[in-house]
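A, B, ... follow the sequence lines: proteins, then strands. Residue 1 opens every chain.
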Protein chains: 2
Amino acid sequence: MQITLEADYAIRIVYCLAQNAGRMDAKSISEETQVTLRFSLKILRKLVASGIVKSYKGTLGGYEVARPLEEISMNDVIEAVSGPVVISRCVKKDFVCPRQADSQCSCKFQKIFDEISVLVQDRLDAVRFSDLVK
Amino acid sequence: MQITLEADYAIRIVYCLAQNAGRMDAKSISEETQVTLRFSLKILRKLVASGIVKSYKGTLGGYEVARPLEEISMNDVIEAVSGPVVISRCVKKDFVCPRQADSQCSCKFQKIFDEISVLVQDRLDAVRFSDLVK
DNA sequence: ACTATTGTATACTTGTATTGTATACAATAG
DNA sequence: CTATTGTATACAATACAAGTATACAATAGT
């Protein structure tokens, strides 16, 4: 869909980790990014699940970026939290068009939306956190 | 934000009017586009307000496209219904960033979102209904 | 002038997805 | 073995999109 607040937070969280070389615990991340602790944890879990962030349990636990900053794009982070960026719902993977009857009409728009969605994804993918940090 | 169902309907309604040379009443539009009458009326009002569609009252009343199809873009229609297409809320006109303190951080992202939003708008503006109809 | 037909305007209801929270659990360093 | 940290699921609140209802205004035809 669009870039939600959650995705926006996710970007700030990764940015925060990218700047702060070394491990950070959730509380510090929450304080630095101004996102509530609970919500930070939720977002962090998604980032861990998609392999952008690594987590460590226990007393000296915390989070850190899982790979070089050149290999983490804005698109990666957004996709980890909200799924693929698409301009319209009819571009989504499991979308079933309720108007399949008038195929000569609906698909025309779908094609355009799809094309633009890819354009946006590519553009977001070109932005790497290595560029953002310096 | 994103292209909502309402905007999607609006596109279909304009497309419907574009194909059907001549005046059409709301009921016919509703039937042809599969959008409920009430909702069609709501959308049509927005299209009239923004000068894309002209309306005529009375017994022989109805709606018709207000200008040549070459001069109506997909972006025009979407904007008429949902406002300017933006990728993130922080690109919106009257948005006040709650993080203005750390300006060296937030504005970096805002700039990128803004740039991509314009890209999408331009792309949508390049699609004219004259191209779609034929 | 009257009436049926059409569009106009505002406000309200409903549905759904985002946003955020609570509770209970699992792993690990010291 | 315990304090500290992350994990997982489910739940609640809010915001916004989607759709509806009611009352009103304008006009063509008679």
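The interatomic distance linking B:Leu47 (CG) with C:dG7 (P) rounds to 14 Å, in whole Å. The CZ-P distance, from B:Arg45 to D:dA25, rounds to 15 Å in whole Å. For B:Leu41 and D:dA21, the CG to C1' distance is 12 Å, given to the nearest whole Å. One can place CG of B:Leu44 at 15 Å from P of D:dT20, the figure rounded to the nearest angstrom. One interatomic measurement links the two molecules: CG of A:Leu37 to C1' of D:dT4, which rounds to 13 Å at whole-angstrom precision. Straight-line distance from the NZ atom of B:Lys57 to the C1' atom of C:dG7: 6 Å, rounded to whole Å. Spacing between atom CZ of B:Arg38 and atom C1' of C:dT8 amounts to 12 Å, rounded to whole angstrom units. Rounded to an integer number of Å, the gap from CZ of A:Arg23 to C1' of D:dG6 is 12 Å.
Here B:Thr4 reaches the OP1 or OP2 of D:dA18: one of its side-chain N or O atoms lies under 4.0 Å away. Listed pair A:Ser55 / D:dT7 meets the phosphate criterion, a side-chain N or O lying under 4.0 Å from OP1 or OP2.
In this structure, A:Thr59 and A:Phe39 both approach DNA chain C, and ranking their closest nucleotides by distance from the 5' end singles out A:Phe39.
Of the possible polar contacts, none joining the A:Ser82 side chain to the A:Glu79 backbone as a donor-acceptor pair under 3.5 Å is found.
At a threshold of 4.0 angstrom between heavy atoms, the contacts of A:Lys42 include nucleobase atoms, whether or not backbone atoms are also involved. Within 4.0 Å of A:Gly61, counting heavy atoms only, lie sugar-phosphate atoms of the nucleic acid but no base atom.
Among the candidates B:Asp125, B:Asp122, B:Asp131, the single residue satisfying the side-chain hydrogen bond (donor to acceptor under 3.5 Å, both in side chains) test with B:Ser73 is B:Asp125.
A cation-pi geometry, defined here as NZ or CZ lying under 6.0 Å from the six-membered ring centre and within 45° of its normal, does not hold between B:Arg23 and B:Tyr63.
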